[in-house]
Amino acid sequence: MPAPTFLEPWQLRAAFARSLSDMYGKEVPAYTTLLDVSHDVNADFAAQHGADAERLGSIARVTAERHGAIRVGTPTEMSQVARIFGAMGMHPVGFYDLRDASSSSVPVISTAFRPIERAELARNPFRVFTSMLVPADRRFFTADLERRLESFLAARTLFGPELLALADRAEAEGGLPEDQAAEFLRLATEAFELSDEPVDQAWYRELEAVSAVAADIGGIASTHINHLTPRVLDIDDLYARMEARGITMIDAIQGPPRWEGPDVLLRQTSFRALAEPRTFRTADGEIVRDSLRVRFGEVEARGIALTREGRAAYDAAVIKIDEATAAARADDPSFSETQRQEIARGVWQETFPTTEAALADRGLGWFTYALAEPGSVVEPVETRAPAVVRRPIVYEDFLPRSAAGIFQSNLTSDGAKDASQEGTDRDADWMAGALGRELNDPFDLYADQVARSLTGVAETLGVDPATLTTTTGAMR
């Protein structure tokens with residue numbers, strides 16, 4: 001009798017991404033439209049650009065790629081999420097503080113769970129941006145509301161003991177037998193479905209007055225997938241096609257502007273949150289029908305990962321764009337998004353070089369190195385020197401400003417934020433403690449990819465990795 005199939009973490013991850021996507025498509029039909037349009041855009045882009053379309057990942061990878069977003073309320077819930085994603089080979093990477101990243105009330109801190117090894121990313125790069133409420137922050141919550149919110153959160157159970165036990169076993173044993181894997185995937189998917197349980201109307205509305213995000217996290221007894229995000233190779237084309245289908249998009253594409261140079265970091269947009277029917281329980285116990293706008297469909301275009309120096313240049317450029325935009329708006333009440341994009345493009349041209357080679361030479365972007373494949377069209381500087389090619393590393397992470405911008409653009413109101421109050425300190429070390437595991441630094445992960453590639457080439461050529469980029473062939 002053949003032994004049962006054993007699913008490794010990457011197989012669990014790929015299966016979970018598919019399961020979640022199927023579930024979300026049934027719950028939010030506009031997401032299925034987004035997938036269809038994304039596939040069309042990617043197919044057309046690949047047909048037009050040939051091999052260059054796969055500069056930042058194969059078409060197969062891009063087509064399968066998704067990131068999800070979820071929200072939880074407590075460190076305990078966050079640590080449980082870490083166990084579930086740990087079973088799928090997904091590790092916490094980066095710390096994002098959205099509390100100051102937006103003018104609206106977004107009282108959360110976040111991390112992202114994703115694969116961290118290059119081979120694992122190539123197998124399936126599924127990521128989940130995971131946010132946690134900060135009830136102790138007095139800019140958003142009074143002491144009384146904090147106490148009642150924490151009491152509400154402590155009384156709920158988001159993830160059952162069977163799901164957590166299977167997650168722990170999968171992480172400890174490097175996977176699960178087929179039957180247990182099926183049960184794990186079923187329970188994990190169910191944990192992120194939208195509940196049909198009636199919502200306490202008064203409690204939800206009280207939190208919503210502070211922040212729609214706070215109400216979505218702490219106003220209900222369950223959690224749910226907030227959005228799923230396919231990856232697209234031309235986000236401007238997708239934006240236009242979605243609007244042509246009559247789907248209302250948010251006002252702008254978040255992140256870097258469209259320009260003639262290399263794409264860097266991350267560009268994102270979404271269709272607006274849809275009114276979904278929900279049942280509410282009133283103060284006198286009556287069950288009534290209403291709707292909530294909390295879920296939307298997001299899409300992203302990923303570019304080249306930037307070094308710390310590159311990221312500093314990006315952050316400075318964003319500030320410059322904001323200042324120039326504010327001045328232009330003050331002078332022209334009819335100032336448009338098109339005009340803002342023109343300002344952004346100009347700042348970008350002043351900040352970043354227009355070629356990948358210059359981006360690498362100035363130490364602004366991350367690149368790996370490899371020997372050229374036999375027969376490839378690469379001309380070394382010296383006829384006898386082996387050609388070494390330079391390939392960009394795709395940005396695998398997120399931008400707090402863009403994430404907050406997406407959240408803000410899909411909120412029903414800006415909520416309430418008392419800027420006169422002191423914020424509560426939360427940082428990467430605090431998040432690591434809440435998770436009960438190491439929080440990976442994304443810059444260190446990219447640097448490790450570069451170092452490994454240089455070491456591999458240097459060992460093959462028998463040279464010092466430190467001299468590789470200046471003593472061997474051309475870096476293309």
Side-chain angles (χ1 to χ4, degrees), residues 24-25 27-38 40-41 66-71 96 98 101-106 108 110 127 129 131 208 211-216 224-259 263 265-276 291-303 318 321-322 325-326 329 334-345 398-415:
Y24 196 64
E27 293 187 345
V28 184
Y31 167 73
T32 302
T33 301
L34 182 64
L35 289 184
D36 291 341
V37 176
S38 296
D40 291 344
V41 169
R66 300 283 185 278
H67 96 242
I70 62 171
R71 299 164 176 169
Y96 307 90
L98 273 57
S102 170
S103 59
S104 63
S105 180
V106 185
V108 300
S110 312
R127 317 167 187 85
F129 189 81
S131 300
E208 191 177 40
S211 167
V213 173
D216 185 45
H224 56 82
I225 187 76
N226 182 259
H227 62 258
L228 271 178
T229 303
R231 181 177 165 192
V232 73
L233 295 172
D234 187 337
I235 198 167
D236 299 276
D237 184 16
L238 178 132
Y239 190 99
R241 293 194 194 196
M242 289 291 285
E243 291 215 313
R245 290 195 179 205
I247 294 176
T248 303
M249 304 296 286
I250 64 172
D251 295 337
I253 295 172
Q254 303 288 328
R258 183 184 184 97
W259 77 310
D263 292 328
L265 297 176
L266 179 68
R267 301 181 73 206
Q268 299 170 281
T269 193
S270 75
F271 60 73
R272 289 198 179 279
L274 306 175
E276 299 180 275
S291 64
L292 291 178
R293 293 179 179 269
V294 296
R295 302 197 301 176
F296 51 91
E298 185 181 78
V299 65
E300 64 188 14
R302 291 190 171 268
V318 167
I321 291 168
D322 285 348
T325 298
R329 280 205 175 104
S334 63
F335 184 82
S336 67
E337 173 60 22
T338 300
Q339 290 171 287
R340 191 192 74 80
Q341 285 293 320
E342 286 300 317
I343 289 174
R345 190 175 295 110
F398 298 91
L399 300 172
R401 181 186 176 89
S402 294
I406 293 284
F407 282 11
Q408 179 181 13
S409 61
N410 278 288
L411 299 179
T412 52
S413 73
D414 283 346

Backbone of [Y] reached by a side-chain donor or acceptor of [X] within 3.5 Å:
X	Y	result
Q339	S336	yes
T269	A252	yes
Y239	I250	yes

Do you know which two heavy atoms are closest between [X] and [Y], and how far apart they sit?
X	Y	value
V232	I235	CG1-CA, 3.7 Å
S38	V299	OG-CG2, 4.0 Å
I225	G68	CD1-CA, 4.1 Å
L98	S110	CD1-OG, 4.0 Å

How many angstroms lie between atom [atom1] of [X] and atom [atom2] of [Y], to the nearest 0.5 angstrom?
X	Y	atom1	atom2	value
Q268	R302	CD	CZ	7.0 Å
T325	I343	OG1	CD1	4.5 Å
L265	L399	CG	CG	5.5 Å
T248	E243	OG1	CD	7.5 Å

Only counting residues at least two apart or in another chain, list the ones meeting ring pair (Phe, Tyr, Trp, His ring centres under 6.0 Å) with F398.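 By the ring pair (Phe, Tyr, Trp, His ring centres under 6.0 Å) rule, F398 matches H67, F129.
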D263: side-chain hydrogen bond (donor to acceptor under 3.5 Å, both in side chains) partners, not counting sequence neighbours: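 Listed in chain order: nothing, the list is empty.
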Holding to side-chain hydrogen bond (donor to acceptor under 3.5 Å, both in side chains), I want the full list of residues that pass it with T338, two or more places apart in sequence or in another chain.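 With sequence neighbours excluded, T338 shows a side-chain hydrogen bond (donor to acceptor under 3.5 Å, both in side chains) to no residue whatsoever.
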Passing option when L238 is tested against D40, L34, L233 for side-chain contact (heavy atoms from CB on, under 4.5 Å):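 Among D40, L34, L233, the one meeting side-chain contact (heavy atoms from CB on, under 4.5 Å) with L238 is L34.
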Quick check: do I70 and N226 have side-chain heavy atoms less than 4.5 Å from each other?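 The answer is no, as the side chains (C-beta and beyond) never meet within the 4.5 Å cut-off.
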By side-chain contact (heavy atoms from CB on, under 4.5 Å), which residues pair with [X], not counting sequence neighbours?
X	result
D236	D234, I253, R258, R267
T32	D36
V28	Y24, Y31, F271, L274, E276, R295

The single option from R66, E298, E300, R127 passing side-chain hydrogen bond (donor to acceptor under 3.5 Å, both in side chains) against T229: E298
V108 vs R71, side chain to side chain contact (heavy atoms under 4.5 Å, CB included): CA-CA, chis, key distance, verdict: CA-CA 9 Å; V108 300; R71 299 164 176 169; 5.9 Å; no
Start with the C-alpha distance between H224 and D216, add both sets of side-chain angles, then the distance that settles side chain to side chain contact (heavy atoms under 4.5 Å, CB included), and finish with yes or no. CA-CA 9 Å; H224 56 82; D216 185 45; 2.7 Å; yes
Step by step, would you call R340 with D251 a salt bridge (charged side-chain N to carboxylate O under 4.0 Å, His left out)? CA-CA 12 Å; R340 191 192 74 80; D251 295 337; over 6 Å; no
